[in-house]
Amino acid sequence: MSAPHKLAAQTDARLGRIVRLLIDHATVVVSGTKLAAEIGTSRSEVWRLVQQLRDLGVDIAGHPSTGYSLKSMPDLLLPDVLAPQLQGTLFGKHIHHYYKIGSTNTAALEAASTGAPEGSVFLAEQQTAGRGRGANQWHSARSVGIYCSALLRPALPPSDVLVLTLAAGLAVHSAIQEIDARVVPDLKWPNDVLIDGKKVCGILTEMHAEVTRVRYVVVGIGINVNQSSFPADLQAIATSLRLATGTEWSRVEVCVALLRSLDREYRSLLENPDAADSIRGRFEERSSSARGQRVVVEDGGFEGVTEGLDSRGFLQVRTAQGMRTVLSGVVSPC
Ligand code: BTN
């Protein structure tokens with residue numbers, strides 16, 4: 001694991017190792033002595049770390065004199081829990097976990113600027129300054145959502161980066177459907193995933209680029225997973241997987257499915273010349289609003305009917321004055 005981040009301390013890696021050991025010996029009580037030997041510390045320090053895990057919501061039975069066992073599978077996005085399930089993908093080797101951080105995108109951008117490798121992933125249980133598009137905030141309550149930023153270093157011109165946001169939307173769509181095929185998410189150009197017309201996921205892609213070449217891109221993905229309610233100002237526009245289906249979801253399962261799917265999309269984009277076309281085509285298929293929807297483009301101040309995505313992924317809108325290309329801004333049905 002790399003050096004602690006300046007903005008917030010990464011979660012103590014020993015917490016993840018204890019959880020991994022307890023998962024690997026799930027049917028037995030593991031002695032404090034064994035845990036202490038495995039992670040290279042004292043039994044009293046193990047006891048202290050177990051208390052910290054309990055504070056994080058991990059259900060551990062036990063006592064220093066007998067040993068410890070897991071009462072239920074923890075749903076924390078710890079590197080030691082995720083990495084084995086992400087082996088062979090771009091995202092299995094450099095996973096950074098924070099109990100609490102301002103924004104995982106800010107952490108990823110800062111790490112990228114000091115040379116963090118492609119495929120680094122930044123995950124938090126809670127964000128105190130989660131960022132959305134424009135000046136929006138992203139509601140990031142503790143351990144109910146997925147707050148994830150992935151660092152990529154694609155050899156793309158800056159004008160082609162939008163396809164990564166579209167690919168991330170497709171990855172979220174696939175991850176949800178892989179876990180419950182009855183849920184049918186709806187992609188809203190360029191960066192939202194909706195269920196029943198309400199937002200379940202937002203994507204914030206940020207990059208550092210020269211004129212002709214991208215240096216790095218951070219794809220930040222926020223998924224509302226187990227929220228049972230939202231603050232009053234979000235109630236009409238936000239939903240969670242739990243609210244939409246009536247059951248709790250495993251954040252670990254959703255996060256693994258998401259990163260595996262993002263890995264497939266990204267690799268194919270790098271390796272296959274037709275991948276960008278495929279991403280645009282599949283985005284249109286999974287979006288009820290990318291074609292034939294009457295919309296108003298708020299920042300552009302015009303309205304018209306959507307006509308799909310152009311070759312770089314920008315939304316085409318037929319207006320009374322002719323076809324317009326939406327480069328950014330909020331597009332709303334009208
Ligand atoms: C939006 O819909 O406006 C985009 C929301 C993006 C939220 C995610 S949560 C993880 C990452 N860190 C952030 O601060 N923002 C993104």
Side-chain angles (χ1 to χ4, degrees), residues 1-2 5 77 79 82-83 85-98 101 103-124 130-133 138 146-175 187 190-193 201-223 254-280 282-283 312-314 328:
M1 180 145 307
S2 47
H5 196 268
L77 304 175
L82 298 174
Q85 303 181 65
L86 292 170
Q87 262 177 26
T89 76
L90 186 60
F91 301 117
K93 287 210 176 89
H94 305 279
I95 305 175
H96 305 259
H97 178 269
Y98 303 82
I101 196 171
S103 153
T104 54
N105 260 36
T106 304
L109 287 167
E110 193 170 306
S113 73
T114 54
E118 172 160 84
S120 298
V121 175
F122 300 78
L123 291 157
R131 295 190 286 113
R133 277 176 89 210
W138 186 255
I146 292 175
Y147 317 116
C148 170
S149 299
L151 168 58
L152 303 172
R153 295 184 180 275
L156 287 177
S159 54
D160 284 1
V161 161
L162 175 58
V163 76
L164 292 174
T165 303
L166 306 181
L170 284 170
V172 173
H173 190 286
S174 309
L187 298 180
N191 70 322
D192 293 349
V193 184
C201 164
I203 298 162
L204 177 65
T205 302
E206 298 182 291
M207 71 172 158
H208 180 65
E210 288 158 11
V211 178
T212 54
R213 168 176 96 96
V214 166
R215 293 194 75 86
Y216 50 81
V217 176
V218 167
V219 182
I221 303 173
I223 307 181
V254 176
C255 190
V256 167
L258 165 68
L259 290 172
R260 294 181 74 91
S261 181
L262 189 60
D263 175 72
R264 286 193 296 273
E265 295 289 354
Y266 185 61
R267 272 177 206 270
S268 137
L269 197 59
L270 297 185
E271 289 161 13
N272 175 357
D274 299 330
D277 281 341
S278 156
I279 288 170
R280 284 190 296 274
R282 284 179 293 129
F283 191 97
R312 286 177 304 164
F314 293 107
S328 66

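In this text the structure is predicted, and so the values were computed from the model without any measurement. We're numbering straight along the sequence, starting at 1.
- At least one side-chain heavy atom of Leu269 sits less than 4.5 Å from a side-chain heavy atom of Leu164.
- Looking at Val218 and Thr205, their side chains never come closer than 4.5 Å, going by heavy atoms from C-beta outward.
- Side-chain contact between Thr106 and Arg131 is present, with heavy atoms from C-beta onward closer than 4.5 Å.
- Of all non-hydrogen atoms in Val163 and Asp160, the two that sit nearest each other are CG1-O, 3.2 Å.
- Between Arg133 and Pro190, the closest heavy-atom pair is NH1-CD, 3.6 Å.
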Trace of the side chain to side chain contact (heavy atoms under 4.5 Å, CB included) decision for Val256 with Leu82: CA-CA 7 Å; Val256 167; Leu82 298 174; 3.8 Å; yes
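- Under the 3.5 Å distance criterion, the side-chain polar atoms of Arg260 are matched with a main-chain donor or acceptor of Gln85.
- Using a 4.5 Å heavy-atom cutoff, the side chains of Cys201 and Ile221 are in contact.
- Partner Val172 forms a side-chain contact (heavy atoms from CB on, under 4.5 Å) with one of Ile146, Asp192, Ile223, Leu262 and no other, that one being Ile223.
- Between Leu151 atom CG and Asn105 atom CG the span is 10.5 Å, to the nearest 0.5 Å.
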Derivation and outcome, side chain to side chain contact (heavy atoms under 4.5 Å, CB included), residues Cys148 and Leu77: CA-CA 10 Å; Cys148 170; Leu77 304 175; over 6 Å; no
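- Of the inter-residue distances, the one linking Trp138 atom CH2 with Thr104 atom OG1 reads 11.5 Å to the nearest 0.5 angstrom.
- In plain terms, the two heavy atoms of His97 and Pro79 that are nearest each other are CB-CD, 3.5 Å.
- For the atom pair Phe314 CZ and Ser159 OG, the distance stands at 7.5 Å (nearest 0.5 Å).
- When all heavy atoms of Ala150 and Phe91 are compared, the closest pair comes out as CB-CE2, 3.9 Å.
- The CD1 atom of Ile101 sits 10.5 Å away from the NE2 atom of His96 when rounded to the nearest 0.5 Å.
- At least one side-chain heavy atom of Leu123 sits less than 4.5 Å from a side-chain heavy atom of Ile95.
- Here the closest non-hydrogen pair linking Gly169 and Ile203 is N-CD1, 3.4 Å.
- Counting all heavy atoms, side chain and backbone alike, Ser113 lies closest to Tyr216 at CB-OH, 3.5 Å.
- Within the 4.5 Å cutoff, no side-chain heavy atoms of His208 are placed close to those of Leu109.
- Counting heavy atoms from C-beta outward, Leu204 and Asn191 have side chains that stay 4.5 Å or more apart.
- Panel note: side chain Ser261, backbone Leu258; no donor-acceptor pair is recorded below 3.5 Å.
- Of the residues Arg153, His94, Lys93, the one that meets the side-chain contact (heavy atoms from CB on, under 4.5 Å) test with Ser120 is His94.
- Proximity of Tyr266 to Pro154: side-chain heavy atoms (C-beta onward) are separated by under 4.5 Å at one or more points.
- Taking CG of Leu166 as the start and CZ of Arg282 as the end, the distance is 10.5 Å to the nearest 0.5 Å.
- Here the OG1-CD distance, from Thr165 to Glu206, works out to 10.5 Å after rounding to the nearest 0.5 Å.
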Trace of the side chain to side chain contact (heavy atoms under 4.5 Å, CB included) decision for Arg312 with Leu162: CA-CA 7 Å; Arg312 286 177 304 164; Leu162 175 58; 6.0 Å; no
